[in-house]
K.L.:
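Just passing along the structure, written as structure tokens.
Because the structure is predicted, anything quoted here is derived from the model rather than measured.
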Amino acid sequence: MEDNKIWDKLYNEACKVQNRRVISPFIEGGQVSAAILTKKGNIYTGICLDTASTLGICAERNAIFNMLTNGESQIAKIVCVMSNGDVGTPCGACRELIMQLDRDSKDIQILIDKNEYKTITMDKLMPDWWGTSRFND
């Protein structure tokens, strides 16, 4: 039950920053948001940014960069909130960055069903990840 409370907290933190908005004629943001819980117990959030020049960023990577800026690099849990309020999984680019962060990234939990608190781990999303052996070198 305690685990469910942290999922609710992460979901709510992600929803707080999710605010679809037009930033300029070239940039929209906030359609998707994310919250990550670090192994140290801190929460970092991010929103997606879509740009006319395709230099946008996903909410998950935005949250990760926020975490890295604050000196952390180990994630325990991730929540991605879609524009309709549903949760989802990170895209391929985000999955790759997540896996490259830490040897234990395979164990990161991602919420995939908010109502039943169903999760999946990164090793299920990235089986046979190409970089595993480099962590062992």
K.L.:
Walk me through whether E28 and R20 qualify under salt bridge (charged side-chain N to carboxylate O under 4.0 Å, His left out).
P.N.:
CA-CA 7 Å; E28 273 188 49; R20 185 179 205 134; 3.4 Å; yes
K.L.:
Looking at CD of E60 and OG of S33, how far apart are the two atoms once the value is rounded to the nearest 0.5 Å?
P.N.:
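Rounded to the nearest 0.5 Å, the CD-OG separation comes out at 9.0 Å.
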K.L.:
Of all heavy-atom pairs between G46 and A59, which one has the smallest distance, and what is that distance?
P.N.:
O-CB, 3.5 Å
K.L.:
Strictly by modelled atom types, are Y44 and E13 linked by a side-chain donor-acceptor pair under 3.5 Å?
P.N.:
no
K.L.:
Less than 4.5 Å apart, any side-chain heavy atom of E96 and any of M126?
P.N.:
yes
K.L.:
Side-chain contact test, heavy atoms from C-beta onward, threshold under 4.5 Å: evaluate it for I78 versus L111 and give yes or no.
P.N.:
no
K.L.:
For the atom pair CZ (R21) and CD1 (I47), what is the distance rounded to the nearest 0.5 Å?
P.N.:
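Atom-to-atom, R21:CZ and I47:CD1 are 4.0 Å apart.
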K.L.:
Can D104 and K39 be said to form a side-chain contact (heavy atoms from CB on, under 4.5 Å), step by step?
P.N.:
CA-CA 11 Å; D104 296 325; K39 289 188 178 179; 3.5 Å; yes
K.L.:
Measure across C94 and R61 and return the closest heavy-atom pair with its distance rounded to 0.1 Å.
P.N.:
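For C94 and R61, the tightest heavy-atom pair comes out as SG-NE, 3.4 Å.
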K.L.:
With a 4.5 Å heavy-atom cut-off, do I112 and T89 have their side chains touching?
P.N.:
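Result yes, sub-4.5 Å side-chain heavy-atom pair found.
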K.L.:
For atom NZ of K9, decide whether the heavy atoms of other residues, nucleotides or ligands shown that lie under 6.0 angstrom number more than 12.
P.N.:
no
K.L.:
Are any non-hydrogen side-chain atoms of V81 and Y11 less than 4.5 angstrom apart?
P.N.:
yes
K.L.:
Measuring from atom CD1 of I98 to atom CD1 of I108, what distance do you get when rounded to the nearest 0.5 angstrom?
P.N.:
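Output value for this atom pair is 6.0 Å.
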K.L.:
If you measure only the distance, is there a donor-acceptor pair under 3.5 Å linking the side chains of T132 and R103?
P.N.:
no
K.L.:
Can you name the nearest heavy-atom pair linking A34 to A14, along with the distance?
P.N.:
C-CB, 3.9 Å
K.L.:
According to a 4.5 Å side-chain heavy-atom criterion applied to Ile, Leu, Val, Met, Phe, Trp and Tyr, with indirect links allowed, do M99 and W130 form part of one hydrophobic cluster?
P.N.:
yes
K.L.:
Do you know which two heavy atoms are closest between I120 and K124, and how far apart they sit?
P.N.:
CG1-CB, 3.5 Å
K.L.:
Can you check whether F26 reaches T51 side chain to side chain, under 4.5 Å on heavy atoms?
P.N.:
no
K.L.:
How long is the gap from CD1 on I36 to CG on L10, to the nearest 0.5 Å?
P.N.:
9.5 Å
K.L.:
Could you see if M67 belongs to whatever hydrophobic cluster contains F65? Use Ile, Leu, Val, Met, Phe, Trp, Tyr and a side-chain cutoff under 4.5 Å.
P.N.:
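Result: yes, single cluster for both.
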K.L.:
Could you give the distance from CG (D86) to NZ (K114), rounded to the nearest 0.5 Å?
P.N.:
10.5 Å
K.L.:
Going through the distances and angles, do W129 and K106 end up as a side-chain contact (heavy atoms from CB on, under 4.5 Å)?
P.N.:
CA-CA 9 Å; W129 179 63; K106 65 185 179 344; over 6 Å; no
K.L.:
I want to check something: taking the side chain as every heavy atom from C-beta on, are I75 and L101 in contact at a cut-off of under 4.5 Å?
P.N.:
yes
K.L.:
So, N12 versus D8: side-chain donor-acceptor pair below 3.5 Å or not?
P.N.:
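D8 and N12 do not have a side-chain donor-acceptor pair below 3.5 Å.
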K.L.:
So, using side-chain hydrogen bond (donor to acceptor under 3.5 Å, both in side chains) as the criterion, who are the partners of Q74 when residues are at least two apart?
P.N.:
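Listed in chain order: D102.
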K.L.:
For residues V32 and L97: do they belong to one hydrophobic cluster (side chain heavy atoms under 4.5 Å, members Ile, Leu, Val, Met, Phe, Trp, Tyr)?
P.N.:
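No; L97 is not reachable from V32 via cluster members.
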K.L.:
Roughly how far apart are S105 OG and L125 CG, rounded to 0.5 Å?
P.N.:
12.0 Å
K.L.:
Can you see whether D113 engages N115 through a side-chain donor-acceptor pair at a distance of less than 3.5 angstrom?
P.N.:
no
K.L.:
Are F135 and M122 connected into the same hydrophobic cluster when the rule is that any two of I, L, V, M, F, W, Y join if their side-chain heavy atoms are below 4.5 Å apart?
P.N.:
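Yes, it is one cluster - the side chains of M122 and F135 are joined through contacts under 4.5 Å.
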K.L.:
A side-chain contact here means heavy atoms from C-beta on lying under 4.5 Å apart; do I110 and P90 qualify?
P.N.:
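Yes, side chains in contact.
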K.L.:
Can you hop from I43 to Y117 via hydrophobic side chains spaced under 4.5 Å?
P.N.:
yes
K.L.:
Heavy-atom distance under 4.5 Å between the side chains of N42 and N70, does that happen here?
P.N.:
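Counting from C-beta outward, N42 and N70 never come under 4.5 Å.
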K.L.:
Tell me yes or no: between the side chains of Q31 and S83, is some donor less than 3.5 Å from an acceptor?
P.N.:
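On atom types as modelled, these side chains do not qualify, holding no pair under 3.5 Å.
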K.L.:
Can you see which heavy atom on L49 is nearest to which on G29, and at what distance?
P.N.:
CD2-CA, 3.8 Å
